[in-house]
Trainee: 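Dropping the structure in here first, questions after.
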Amino acid sequence: MTKEEFAEQAARECASEETTAHRGGGSGRPYWNAVSFQFMYAPAFQFQPIPGTKKYRYVINDANGNVHSFEAAKASAILSPVWRDIPEGVTTLKVYALDEEDNETYAVGTRTFFRLASFPSDLPPAARGYKEASNLAYEYAISQNFLLHWLNKGTPDPDYDHNVYPSKMISAVISGMLEYAKICPERESDAVKIAVNSADYLISITPSSGPMEGIPPTYQIDFRPDPETRKNLKAAERIDWVMMIYPAGVGMSYLELEAKTKDKKYFDAALKIGEYYRDHVEENGTWYLIRNINTGEVIAHDFCDPLRVIVPFLMSLYERTGEKVWKELADASIAYVEKTANTTYSWGAQFEDSKCSANYSNLSHYGAAALVKYYTKYYPDDPERMAAADDLMRFIEDQFVVWKKPSPWNKSGYDTSDWPTPCGLEQYSWHVPIDSSAADILSAFLAMYRAGRGELHLEKAKALADSITRVQYEDGMIPTHWMTEKHRNGVGLWINCLFNAAGALAELGSFLGE
């Protein structure tokens, strides 16, 4: 197919009632988009019907000043009849109840939102090959002082702010350096030493006894010698917390390191983490999100989204040991998600530096993309699950991908006029372009293509990858945040995000035979 044909297919899918993004109302589906403010796929909104009214008029004012209208029997009809005629930009919808003479009697509801462009035909090419871009990113990473600190001193660099999140950052360093060791044999020794030193340090600060034995900490500040640098940090406020999505990521990195070094202590440390999950799973198949690292007491009664990290870790333990308990735990976790988030579409964000949030108030793509990857990996021939994956992918694209012009609104107040696009947006409370979000979503698109869900998915994966290569600097740095020129110069660089982007580029490059 040509670029124009792919764009035409995308436009049709975005405007079709059958292929829209998990429309609320149908078959008892809840409306997840109460606070959503941008849509690429034709939406439907939960406006309440007026008793006795048999017809409603939908009036839409588009960004060019044109008016579109249609009539429907419901107050919450999908906007598919006119969606293809609405250009990208700020759009206002008003719905009116009609009497028997088709006169407008009551205003049922109104909604202002940004109409996003569907996948276009005129996106610019990549700046370099995907594997080349990936290799450059890893080479940039190993040249940075905060990684060389691990090599030379075996401790976290006190000047690198994000080291206050040890489980998240150190597990990323371990996995990232092991990947680099594969692609750069001449630096393998240094890369593996960084991974080993990082893992050994994390083991050293992990409780060796007590109620949270073997569970690595989510937060730390003691490595920073200057008390002033410990103030006003989210890590300082939450120093007694352990966020239970993160130990699994550490366990994954330990398993990878044991496979490389053959040192059994890393497998033992991973198994200790797994045993905690085994022994503390709740009846619903998941875990409380936040516990006290000292007492083990539950701090927040929110539950973990187990998809992104916990389920892959459990499956790795199962594949490594053959013990059914790990597969049973993973299956129960998937069943929990299928009964909750995949039914309600309350795909809430869970990050160590974010607050817990109410249903639908802070959605993110990560959990939904993880279920897409799980289904495509383990159930590619299951029609029901793959139909659910189609639905999930449309939701992710609808809310967290920008192909052309971004919405002028975001909760962080940034000017969006010069954002590089295409891009991936992280979560509603940080609805800004992040390299790791683009990487996560392009990997999900690629997984869908590999599962036989159509060529358009591969084109979308390549478009996001191309954008990452264009944002990447000549020295290999891939900025985490793409909001402003200052951010794109590397301010606030999260090394875990850079490794995620490098990994996604490498995956796509390998698949394409680069």
Side-chain angles (χ1 to χ4, degrees), residues 165-168 170-172 202 206-207 209-219 238-255 269-321 323-344 346-359 362-364 366-371 373-374 427:
Y165 308 123
S167 285
K168 182 173 186 174
I170 295 177
S171 62
L202 188 51
T206 295
S209 61
M212 301 300 288
E213 179 182 354
I215 295 299
T218 305
Y219 308 95
R238 304 175 180 186
I239 199 66
D240 293 330
W241 294 13
V242 57
M243 205 170 193
M244 289 305 302
I245 56 176
Y246 289 109
V250 175
M252 284 283 286
S253 68
Y254 286 165
L255 290 176
L271 186 61
K272 182 72 72 173
I273 294 169
E275 289 170 344
Y276 185 92
Y277 284 114
R278 180 196 64 195
D279 296 341
H280 293 83
V281 65
E282 302 301 321
E283 290 185 3
N284 61 4
T286 187
W287 295 263
Y288 284 115
L289 180 60
I290 301 173
R291 290 184 179 269
N292 185 294
I293 189 68
N294 303 307
T295 68
E297 294 176 336
V298 175
I299 291 177
H301 284 78
D302 296 69
F303 289 109
C304 291
D305 173 358
L307 284 169
R308 186 178 174 190
V309 186
I310 299 176
V311 167
F313 172 54
L314 296 173
M315 291 300 292
S316 292
L317 282 174
Y318 170 64
E319 291 160 5
R320 172 65 192 275
T321 67
E323 296 174 2
K324 292 183 179 179
V325 62
W326 308 119
K327 177 66 162 57
E328 291 167 352
L329 281 172
D331 289 345
S333 295
I334 293 295
Y336 162 79
V337 173
E338 289 175 333
K339 292 175 184 175
T340 55
N342 202 40
T343 298
T344 65
S346 187
W347 292 103
Q350 293 184 348
F351 293 93
E352 79 294 332
D353 57 351
S354 300
K355 297 178 180 179
C356 298
S357 55
N359 285 343
N362 188 27
L363 301 183
S364 178
Y366 279 108
L371 188 55
K373 295 171 190 178
Y374 183 85
Q427 55 180 313

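Please read these numbers as outputs of a predicted model, since none were measured by experiment.
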Trainee: So, using side-chain contact (heavy atoms from CB on, under 4.5 Å) as the criterion, who are the partners of Ala341 when residues are at least two apart?
Mentor: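 Residues passing side-chain contact (heavy atoms from CB on, under 4.5 Å) with Ala341: Val337, Trp347.
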Trainee: Please report the interatomic distance OG(Ser333) to CD(Glu328), rounded to the nearest 0.5 Å.
Mentor: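 These two atoms lie 12.0 Å from each other.
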Trainee: If I take atom CD1 from residue Ile334 and atom CG from residue Asn342, how far apart are they, to the nearest 0.5 angstrom?
Mentor: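 These two atoms lie 9.5 Å from each other.
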Trainee: Return the set of residues passing salt bridge (charged side-chain N to carboxylate O under 4.0 Å, His left out) with Glu338 (not counting sequence neighbours), or none when no residue passes.
Mentor: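 Salt bridge (charged side-chain N to carboxylate O under 4.0 Å, His left out) check on Glu338 returns Arg385.
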Trainee: For Asp353, give me all partners under side chain to side chain donor-acceptor pair (under 3.5 Å), at least two apart in sequence or on another chain.
Mentor: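 For Asp353 there are no side chain to side chain donor-acceptor pair (under 3.5 Å) partners, ignoring immediate neighbours.
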Trainee: With rounding to the nearest 0.5 angstrom, report the CD1 to CD distance, Ile273 to Glu275.
Mentor: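 Output value for this atom pair is 10.5 Å.
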Trainee: Would you please name every residue forming a salt bridge (charged side-chain N to carboxylate O under 4.0 Å, His left out) with Glu213, sequence neighbours left out?
Mentor: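 Here the qualifying residues are Lys272.
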Trainee: Suppose we screen for ring-ring contact (aromatic ring centres under 6.0 Å, His included). Which residues come up paired with Tyr277, at least two apart in sequence or across chains?
Mentor: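 Checked Tyr277 against ring-ring contact (aromatic ring centres under 6.0 Å, His included); matches are Trp287.
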Trainee: Can you list the residues that meet the side chain to side chain donor-acceptor pair (under 3.5 Å) rule with Tyr246, with sequence neighbours excluded?
Mentor: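 Tyr246 satisfies side chain to side chain donor-acceptor pair (under 3.5 Å) with Glu352 once adjacent residues are dropped.
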Trainee: Please output the side-chain donor-acceptor pairs of residues 302-317 that fall under 3.5 Å, not counting sequence neighbours, one pair per line with the distance.
Mentor:
residue	atom	partner	partner atom	Å
Asp305	OD1	Leu307	N	3.1
Ser316	OG	Pro312	O	3.0

Trainee: Which residue in the set Pro216, Ser171, Pro217 passes side chain to side chain contact (heavy atoms under 4.5 Å, CB included) when paired with Pro166?
Mentor: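 Per the side chain to side chain contact (heavy atoms under 4.5 Å, CB included) rule, the option paired with Pro166 is Pro217, out of Pro216, Ser171, Pro217.
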Trainee: For Ala349 versus Ser364, what's the shortest heavy-atom pair and its separation?
Mentor: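 Smallest interatomic distance, heavy atoms only, reads CB-CB, 3.7 Å.
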Trainee: Do the non-hydrogen side-chain atoms of Met244 and Tyr276 ever get within less than 4.5 Å of each other?
Mentor: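 They are in side-chain contact.
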Trainee: Quick one: are Gln427 and Tyr366 in side-chain contact, heavy atoms under 4.5 Å?
Mentor: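 No, too far: nothing below the 4.5 Å cut-off.
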Trainee: Tell me the salt bridge (charged side-chain N to carboxylate O under 4.0 Å, His left out) pairs involving residues 277-287, sequence neighbours left out?
Mentor: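 Every salt bridge (charged side-chain N to carboxylate O under 4.0 Å, His left out) pair that includes a residue of residues 277-287, provided the two are not neighbours, is Glu282-Arg291.
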Trainee: Quick one: OG on Ser167 to CD1 on Ile245, what's the gap to the nearest 0.5 Å?
Mentor: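 If we round to the nearest 0.5 Å, Ser167:OG and Ile245:CD1 are 10.5 Å apart.
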Trainee: Please name all residues satisfying side chain to side chain donor-acceptor pair (under 3.5 Å) with Glu319, sequence neighbours left out, ordered by chain then number.
Mentor: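 For Glu319 the side chain to side chain donor-acceptor pair (under 3.5 Å) partners, ignoring immediate neighbours, are Tyr378.
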Trainee: Is there side-chain contact between Ile290 and Val298, with at least one heavy-atom pair below 4.5 Å?
Mentor: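 Result no, sub-4.5 Å side-chain heavy-atom pair not found.
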Trainee: Could you tell me whether the side chain of Val250 reaches within less than 4.5 Å of the side chain of Ile170, counting heavy atoms only?
Mentor: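 They are not in contact (no side-chain heavy atoms under 4.5 Å apart), so the answer is no.
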Trainee: Checking Ser346 now: which residues fulfil side chain to side chain donor-acceptor pair (under 3.5 Å) with it, not counting sequence neighbours?
Mentor: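 Expected list: Asn359.
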Trainee: Quick check for you: to the nearest 0.5 Å, what is the distance between His280 atom NE2 and Ile215 atom CD1?
Mentor: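 So the NE2 of His280 and the CD1 of Ile215 are separated by 8.5 Å.
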Trainee: Show every salt bridge (charged side-chain N to carboxylate O under 4.0 Å, His left out) that has at least one partner inside residues 238-255, sequence neighbours left out.
Mentor: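 Sorted pair list comes back empty.
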Trainee: Applying side-chain contact (heavy atoms from CB on, under 4.5 Å), name anything that partners Ile293, two or more places apart in sequence or on another chain.
Mentor: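 Partners of Ile293 under the side-chain contact (heavy atoms from CB on, under 4.5 Å) test: Pro207, Met212, Val242.
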